[in-house]
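See structure below.
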Amino acid sequence: MNNNPFEQFELWFKEAQQAEIIEANAMSIATASSEGEITIRTVFLKYFDTNGFVFFTNYESKKAQQIAENPNVALLFPWLKLERQVKIMGTAEKISAAESFKYFASRPRGSQIGAWCSKQSSVISSRSVLLNKFEEIKQKYKDGQIPLPSFWGGFRVVPKKIEFWQGKTNRLHDRFLYTHANNSWEIEHLSP
């Protein structure tokens, strides 16, 4: 194992991509409200660095509302084909509007329009409501650049702990836990 958890993650992430795992950047994110209601769903990791792991969403969604109430979150990358998983525990924080716009501008035009027309997690009477809204927004921004919605952007999960799990025979799996303390990472080997 690497002494730096971000370098270790980068190595495993590249190996997951090389193994042609479908959506190797898919990660489950668990959030909890201030009352303790826990929700989990899958989002896509868009990029990471030594500051954390970034995904994008509607800031009015249930996940964003729960993060606003309780920023403690957990991520899980289940790379089952490789008998690996990575768990990340930390806090989520909004990234800057400039950073969000940079990613938003790189998205396909249809995805940009989709961000404008979906009130994520809200109840709609039928799919046609969503499709009609899509066509309305498509016409509104038919010429020129589509602006970044004020209600859409990224979150960075700043890790406090990162656990790497590698399946082994006889259920004697390898588990390494990195814990951030005193501006450095401590590594512990865990029993399976």
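Positions are given from 1 along the sequence.
Rounding to the nearest 0.5 Å gives a distance of 8.0 Å between CD1 of Ile29 and NZ of Lys63. Distance check: Arg107 CZ to Ile113 CD1 gives 11.0 Å after rounding to the nearest 0.5 Å. With rounding to the nearest 0.5 Å, the separation of CG in Asp174 from CE in Met1 is 8.5 Å.
Under the side-chain contact (heavy atoms from CB on, under 4.5 Å) criterion, Ala32 pairs with Ile38, Asn70, not counting sequence neighbours. Glu99 pairs by the salt bridge (Lys or Arg N to Asp or Glu O under 4.0 Å) definition with Arg156, not counting sequence neighbours. Applying the ring pair (Phe, Tyr, Trp, His ring centres under 6.0 Å) rule to Phe9 yields the partners Phe13, Phe48, Phe53, Phe77, Trp79; only residues at least two apart in sequence or on another chain are considered. In this view, Trp152 and Phe56, Phe104 satisfy the ring pair (Phe, Tyr, Trp, His ring centres under 6.0 Å) rule, not counting sequence neighbours. Residues meeting the side-chain contact (heavy atoms from CB on, under 4.5 Å) test with Ala105, sequence neighbours left out: Phe101. Every side chain to side chain donor-acceptor pair (under 3.5 Å) that Glu37 has, sequence neighbours left out, goes to Lys62. For Glu93, there are no side chain to side chain donor-acceptor pair (under 3.5 Å) partners two or more places apart in sequence or in a different chain. Residues passing the side chain to side chain donor-acceptor pair (under 3.5 Å) test with Arg175 are Glu163, sequence neighbours excluded.
A cation-pi arrangement is not found for Lys46 relative to Tyr103, the charged atom failing to lie both closer than 6.0 Å to the ring centre and inside a 45° cone about the ring normal.
Taking the side chain as every heavy atom from C-beta outward, Val54 and Ile95 approach each other to under 4.5 Å. Side-chain contact check for His173 versus Glu83: every heavy-atom pair is 4.5 Å or farther apart. Counting heavy atoms from C-beta outward, Lys160 and Asn72 have side chains that approach closer than 4.5 Å. Side-chain contact between Asn2 and Glu10: absent, with no pair of heavy atoms (C-beta onward) separated by less than 4.5 Å. Using a 4.5 Å heavy-atom threshold, the side chains of Trp116 and Gln112 count as separate.
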For residues 131-150, please give each side-chain donor-acceptor pair under 3.5 Å, one per line with the distance, not counting sequence neighbours.
residue	atom	partner	partner atom	Å
Asn132	ND2	Ser128	O	3.2
Lys133	NZ	Glu136	OE2	3.4

Check residues 184-192 and write down every donor-acceptor pair under 3.5 Å in which the side-chain atom is one partner and the other belongs to a residue at least two apart or another chain.
residue	atom	partner	partner atom	Å
Ser184	OG	Ala181	O	3.2

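Members clustered with Leu130: Ile124, by chain and number, using a 4.5 Å side-chain heavy-atom cutoff among hydrophobic residues. Other members of the cluster containing Leu76 do not exist, because no ILVMFWY side chain is joined to it at under 4.5 Å.
At distances below 3.5 Å, not a single donor-acceptor pair connects side-chain atoms of Asn170 with backbone N or O atoms of Leu172. The backbone N or O of Leu45 sits less than 3.5 Å from a side-chain atom of Asn25, completing a donor-acceptor pair. Looking only at distances, a side-chain donor or acceptor of Gln166 sits under 3.5 Å from a matching main-chain atom of Leu82. Thr179 contributes no side-chain N or O that, together with a main-chain N or O of Lys161, makes up a donor-acceptor pair within less than 3.5 Å.
Under a hydrophobic clustering in which Ile, Leu, Val, Met, Phe, Trp and Tyr are joined whenever their side-chain heavy atoms come within less than 4.5 Å, directly or via other members, Ile21 and Leu11 fall into the same cluster. The hydrophobic clustering, which links ILVMFWY residues whose side-chain heavy atoms are closer than 4.5 Å, places Ile162 and Phe176 together. A single hydrophobic cluster is not seen to contain both Phe6 and Leu177; linkage of ILVMFWY side chains at heavy-atom distances under 4.5 Å, directly or through other members, places them apart. Val43 and Phe155 fall within a single hydrophobic cluster, where Ile, Leu, Val, Met, Phe, Trp and Tyr are joined by side-chain heavy atoms under 4.5 Å apart, directly or via other members.
Nearest heavy-atom pair, Asn58 versus Ser61, reported as atom, atom and distance to 0.1 Å: O-OG, 2.8 Å. Shown here for Ala19 and Lys81, the closest heavy-atom pair between the two residues is O-NZ, 2.6 Å. When all heavy atoms are compared, the tightest approach of Trp12 to Gln85 is CZ3-O, 3.8 Å. Of all heavy-atom pairs between Gln66 and Arg41, the closest is OE1-NH2, 3.8 Å. Residues Val157 and Phe55 come closest through the heavy atom pair CG2-CE2, 4.0 Å. Considering every non-hydrogen atom in both Pro78 and Ala26, the closest pair reads CD-O, 4.2 Å.
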For Lys87 and Trp165, run side-chain contact (heavy atoms from CB on, under 4.5 Å): C-alpha distance rounded to whole Å, both residues' side-chain angles, the deciding distance at 0.1 Å, then the answer.
CA-CA 8 Å; Lys87 293 191 299 185; Trp165 181 95; over 6 Å; no

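Dense packing is recorded around CG of Asp49, with more than 12 heavy atoms of other residues, nucleotides or ligands lying under 6.0 Å away.
With ring centers used as reference points, Tyr59 lies 6.0 Å or more from Phe151.
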